Amino acid sequence: MTVSDDEDGVILKRRKLYNVVKDESDDEENHITGLKSSIVKAEEGDEETKDAKLVNTDNDSPNSDDLEENVSDDLEEDYKWWEEQDKDDTIKWTTLEHNGVLFPPPYEALPSHVKLYYEGNPVDLPLEAEEVAGFFAHLLETPHAQNPVFQKNFFEDFKHVLNDTGGTQNGIEIESFDKMDFSAMHDYFVQLKEEKKSMTAMQKKEIRLEREKFEEKYKFCELDGRREQVGNFKVEPPDLFRGRGAHPKTGKLKRRIRPEDIVLNLGEGAPIPPPPSGHQWGEIRHDNTVQWLAMWRENIFGSFKYVRLAANSSLKGQSDFKKFEKARELKNHIDRIRKEYRNNFKSKLMVERQKAVAVYLIDVFALRAGGEKSEEEADTVGCCSLRYEHITLKPPNTVIFDFLGKDSIRFYQEVQVDPKVFKNLALFKKPPKQPGHQLFDRLDPSLLNKFLQNYMTGLTAKVFRTYNASKTMQEQLDLIPNEGSVAEKLLKYNAANRTVAILCNHQRTVTAGHAKSVAKSSDRIEEFKWQKERLKKGILQIEPDRIKDTPDYFEDINSIDKEIEAKIHERIVEREIQKYHNKFKRENDKRKFEGEEPLPEETLKEWLDNVKQLKQQYAEELATGIVQLKASMNSVEKLEKAIERLDQRISTSQVQLQDREANSEVSLGTSKINYIDPRLSVVFCKKYGVPIEKIFTKSLREKFKWAIESVDETWRF
DNA sequence: CACCTGACTTAGTAGGCGGGGG
DNA sequence: CCCCCGCCTACTAAGTCAGGTG
């Protein structure tokens with residue numbers, strides 16, 4: 001291995017550029033930017049200073065003189081890795097210190113009155129089994145609890161745990177899932193949640209600060225002498241595995257991880273964090289060719305889970321940067337690649353044709369590579385694993401894709417394809433192939449990727465997604481005129497973002513409240529229109545002749561039929577009643593809290609009488625067609641003004657509603673975080689005078705610091 | 001070279017929280 | 001001013017892909 005050579009090289013380079021602290025040194029000076037000092041600071045609860053530091057470091061350049069000063073000023077240096085040239089990335093670090101991982105708290109028994117019931121009888125469960133039953137009880141009101149696979153897997157594992165811990169303690173034999181009643185446990189959890197929710201903001205904050213203080217030491221590590229944030233330092237707590245889609249293993253018990261299961265990865269000389277008392281670490285490793293700080297093997301598939309650095313770390317940033325540079329490099333090859341796969345549609349060799357068509361699908365429809373999956377996983381596919389039944393061919397050249405992709409998200413598209421592609425797909429489906437058979441029977445991702453490497457080193461299937469996403473974003477942003485308000489520009493940016501998200505098929509399930517909230521908005525719009533109509537009638541009641549002068553203006557005065565109007569009245573009255581009830585309750589809660597007498601029921605009655613009057617008034621209006629407006633609405637001018645305001649509100653509400661609808665099933669976040677070169681957004685903001693905060697959240701600004709600080713307006717993807 | 005393992009990126013969602021509109 | 005809804009972050013599942021192995 002050449003590790004030691006490289007290591008020295010990296011150390012020398014870094015020391016020279018950034019005057020990084022010496023590895024072995026215990027000198028206090030040298031740890032100012034490091035782990036130890038950060039812990040001290042954290043214990044002082046010094047949040048202000050940290051924030052100030054971030055601001056202050058914005059403009060400092062990492063030359064050694066400045067650094068000296070900064071160190072003596074106790075300022076954290078910024079490691080601007082993106083200003084460094086061609087780094088060797090097989091070596092990820094030279095020194096690495098961290099404090100290990102944070103384990104979830106041990107399970108605490110439920111109060112003795114909260115129990116699982118079996119055939120109506122309370123069951124005394126051993127602690128471990130109670131915990132597992134609790135996992136299920138938590139999910140009682142979710143679709144998981146209704147899923148037979150979930151139930152079966154849960155029940156199997158639950159029984160195992162129960163047997164291993166000696167069975168129930170009151171002689172009840174649990175034999176059937178259907179006889180188990182989790183509702184008492186569930187109710188208890190709901191109650192706990194409500195208690196937590198009803199705590200005052202103060203109490204919540206106190207608890208949060210306490211927790212943060214406790215977690216502080218795990219939050220940071222020291223990598224090559226720099227303090228960097230750790231991402232997921234918390235060990236995943238035990239739970240029932242919640243696989244997505246039709247997952248054969250969903251509901252299985254994800255077991256508790258012990259220190260003995262954990263492998264820590266640190267620098268050779270780094271102190272080994274003490275394991276929880278009475279325990280030992282599974283293994284200590286010193287592998288500087290990997291990014292992870294700790295790992296363990298989970299029990300569902302036997303795969304690994306890793307503790308790694310946060311998204312804002314230099315290592316992650318460098319990978320990210322490399323990813324986008326690789327995608328940009330594809331610009332120089334894409335024409336040739338496209339030309340060649342078109343040629344190969346006619347190749348005499350089946351493999352070549354399959355490769356050509358696969359690359360076409362990946363390039364044009366942004367499909368994923370599509371690796372083979374086992375029976376133990378959900379049946380989802382990507383390009384190479386597409387089967388006969390996933391595409392339908394409609395001559396002359398229409399293809400309907402319908403399959404479940406990553407996360408069991410449906411990919412459904414009816415598209416026109418190149419006629420030669422159509423012919424080839426027909427060929428790939430030709431008998432003896434039938435449903436269940438692979439379309440690309442000569443391909444797999446590894447073969448395809450090796451083929452792609454011929455065009456460009458490092459070119460793989462996923463690079464096309466990044467390339468096409470960022471390319472599309474660039475094109476969409478180019479179309480936006482530099483005019484209008486920031487809000488308008490943002491709307492257009494989001495529309496561009498949406499185009500990319502749709503290309504990548506990034507979906508989200510409509511939230512539970514979505515239908516309701518849409519209905520509410522539509523109701524509101526309907527009510528605005530009704531109000532408008534009323535006000536116009538009001539104008540005519542003051543000056544009946546107006547209808548002759550401007551008939552168009554009054555065209556809509558009877559556009560709402562009586563039945564709908566009655567419904568609107570009902571809604572408004574109902575809302576008012578609800579409002580007063582809430583107000584009454586709130587007021588009394590307050591009084592109770594302050595030790596005052598509650599309001600008498602009389603007060604509520606008085607309030608509700610007002611509503612009754614309103615109801616009465618609406619009924620009269622409906623019968624007579626004569627509106628009774630507020631006393632202040634006593635002139636045509638005032639009415640016209642009010643109508644204008646209503647028009648404004650109607651149109652903004654409609655735009656908002658449309659935008660919300662367009663976005664309801666599309667997730668913009670995934671493409672923003674993973675596919676759109678952040679430099680595009682930075683340039684957009686600079687050029688269009690949009691504050692970057694409007695587009696990147698705080699954590700995204702940290703993740704994309706390299707982009708924010710490295711481009712000017714002329715940069716293009 | 002097929003297969004597996006290990007390490008990394010990409011993905012949607014739950015739930016807390018804060019800001020804008022009634 | 002209050003409430004609600006939409007945004008944000010934390011979480012962890014589910015992909016991709018390289019490289020080792022027999």
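Numbers restart at 1 for each chain; the letters A, B, ... are given by sequence-line order, proteins then strands. No experiment lies behind these values; they were computed from the predicted model shown.
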Report yes or no: is there a donor-acceptor pair, N or O only, under 3.5 Å between the side chain of Lys406(A) and the base of dT10(B)?
yes
Between Arg465(A) and dG15(C), is there a contact of a side-chain N or O with OP1 or OP2 at under 4.0 Å?
no
Tell me whether the count of non-hydrogen atoms from other residues, nucleotides or ligands lying under 6.0 Å of CD in Glu283(A) goes above 12.
yes
Can you sort out the partners of Lys249(A) under salt bridge (Lys or Arg N to Asp or Glu O under 4.0 Å), two or more places apart, ordered by chain and number?
Glu376(A)
Assign each of Lys305(A) and Arg508(A) the nucleotide of DNA chain C bearing its closest heavy atom; nearer the 5' end lies the nucleotide of Arg508(A)
Taking CD from Glu298(A) and C1' from dG6(B), how many angstroms apart are they, rounded to a whole number?
13 Å
Determine the contact category for Phe304(A): base if any of its heavy atoms lies under 4.0 Å from a base atom, sugar-phosphate if only primed atoms, P, OP1 or OP2 are that close, otherwise nothing.
sugar-phosphate
Could you state the CZ-C1' distance from Phe464(A) to dT10(B), rounded to the nearest angstrom?
19 Å
Report the distance from atom CD of Glu215(A) to atom C1' of dT9(C), rounded to the nearest whole Å.
13 Å
Is Lys322(A) salt-bridged to Glu325(A), cutoff N-O under 4.0 Å?
no
Nearest heavy-atom approach of Ser681(A) to Ile692(A) is O-CD1, 4.3 Å
Using a cut-off of 4.0 Å on non-hydrogen atoms, how would the nucleic acid contact of Ala378(A) be classed: base, sugar-phosphate, or nothing?
nothing
Of dT16(C), dC11(C), dA7(B), the nucleotide closest to the side chain of Arg285(A) is dA7(B)
In whole angstroms, the gap separating C1' of dT10(B) from CG of Asn468(A) amounts to 17 Å
Tabulate atom names and distances for all N/O pairs under 3.5 angstrom spanning the protein and nucleotides 18-22 of chain C.
{"residue": "dA18(C)", "atom": "OP1", "partner": "Gln453(A)", "partner atom": "NE2", "Å": "3.4"}

Of all the nucleotides listed (dT13(B), dA11(B), dA14(C)), which has the minimum atom distance to the side chain of Thr509(A)?
dT13(B)
Integer-rounded Å distance: dC1(B) C1' and Leu447(A) CG:
11 Å
Return the orientation label for the Phe411(A) and Phe403(A) ring planes: parallel under 30°, perpendicular over 60°, tilted otherwise.
parallel
Met473(A) and Tyr493(A): which non-hydrogen atoms are nearest, and at how many Å?
CE-CE1, 3.5 Å
Roughly how many Å is it from CZ in Phe189(A) to P in dG15(B), rounded to a whole number?
13 Å
Rounded to whole angstrom units, what separation is found between the NZ atom of Lys698(A) and the P atom of dG18(B)?
12 Å
Hey, does the side chain of His506(A) come within less than 4.0 Å of dA11(B)'s phosphate (OP1/OP2), counting only N and O?
yes
Of Phe528(A) and Thr670(A), the one whose nearest nucleotide on DNA chain B sits closer to the 5' end is Thr670(A)
Can you figure out which of dG15(C), dA13(C), dA14(C) approaches the side chain of Lys254(A) most closely?
dA13(C)
If each of Lys323(A) and Asp444(A) is mapped to the nucleotide of DNA chain B with the nearest heavy atom, which maps nearer the 5' terminus, i.e. the 5' end?
Asp444(A)
Among dA13(C), dC8(B), dT10(B), which nucleotide has an atom closest to any side-chain atom of Tyr306(A)?
dC8(B)
Worked verdict on Lys234(A) versus Glu215(A) for salt bridge (charged side-chain N to carboxylate O under 4.0 Å, His left out)
CA-CA 9 Å; Lys234(A) 287 180 184 164; Glu215(A) 292 174 355; 3.1 Å; yes
Categorize Ile409(A) for me: base, sugar-phosphate, or nothing, with a 4.0 angstrom heavy-atom threshold over every strand shown.
sugar-phosphate
Nearest-neighbour nucleotide for the Asp407(A) side chain, dT9(B), dA7(B), dA11(B) considered:
dA11(B)
Phosphate contact (dC8(C) OP1 or OP2) by Thr697(A) side-chain N/O below 4.0 Å:
no
Please work out if Ser303(A) contacts a base, only the sugar-phosphate, or nothing of the nucleic acid, heavy-atom cut-off 4.0 Å.
nothing
So Trp81(A) and Phe321(A), would you call those rings parallel, tilted or perpendicular, with 30° and 60° as cut-offs?
perpendicular
Ring-ring centroid check Phe301(A) Phe241(A), cutoff 6.0 Å:
yes
Tell me if the CD atom of Glu195(A) is crowded by more than 12 foreign heavy atoms within 6.0 Å.
yes
Side chain of Gln291(A) - closest among dC8(B), dT10(B), dT13(B)
dC8(B)
For Arg297(A) and dG6(B), what is the distance between atoms CZ and C1' respectively, to the nearest whole Å?
9 Å
Pro248(A) and Glu375(A) have their tightest heavy-atom pair at CG-O, 3.4 Å
Establish, with yes or no, whether the OP1 or OP2 oxygen of dA11(B) is under 4.0 angstrom from a side-chain nitrogen or oxygen of Arg368(A).
yes
How would you label the contact of Gln507(A) with the nucleic acid (heavy atoms, under 4.0 Å): base, sugar-phosphate, or nothing?
sugar-phosphate
Within residues 236-243 of chain A, residues whose heavy atoms come under 4.0 Å of DNA chain C
Glu236(A), Pro237(A), Phe241(A), Arg242(A), Gly243(A)
NA contact type, Gly382(A), heavy-atom cut-off 4.0 Å: base, sugar-phosphate, or nothing?
nothing
Can the ring centroids of Phe154(A) and His144(A) be said to lie less than 6.0 angstrom from one another?
no
5' precedence on DNA chain C between Gly370(A) and Leu700(A) (nearest-nucleotide basis):
Leu700(A)
Which part of the nucleic acid does Lys373(A) contact within heavy-atom distance under 4.0 Å: base, sugar-phosphate only, or nothing?
sugar-phosphate
Where the side chain of Phe301(A) is defined as all heavy atoms beyond and including C-beta, which of dA14(C), dT16(C), dA7(B) is the nearest nucleotide?
dA14(C)
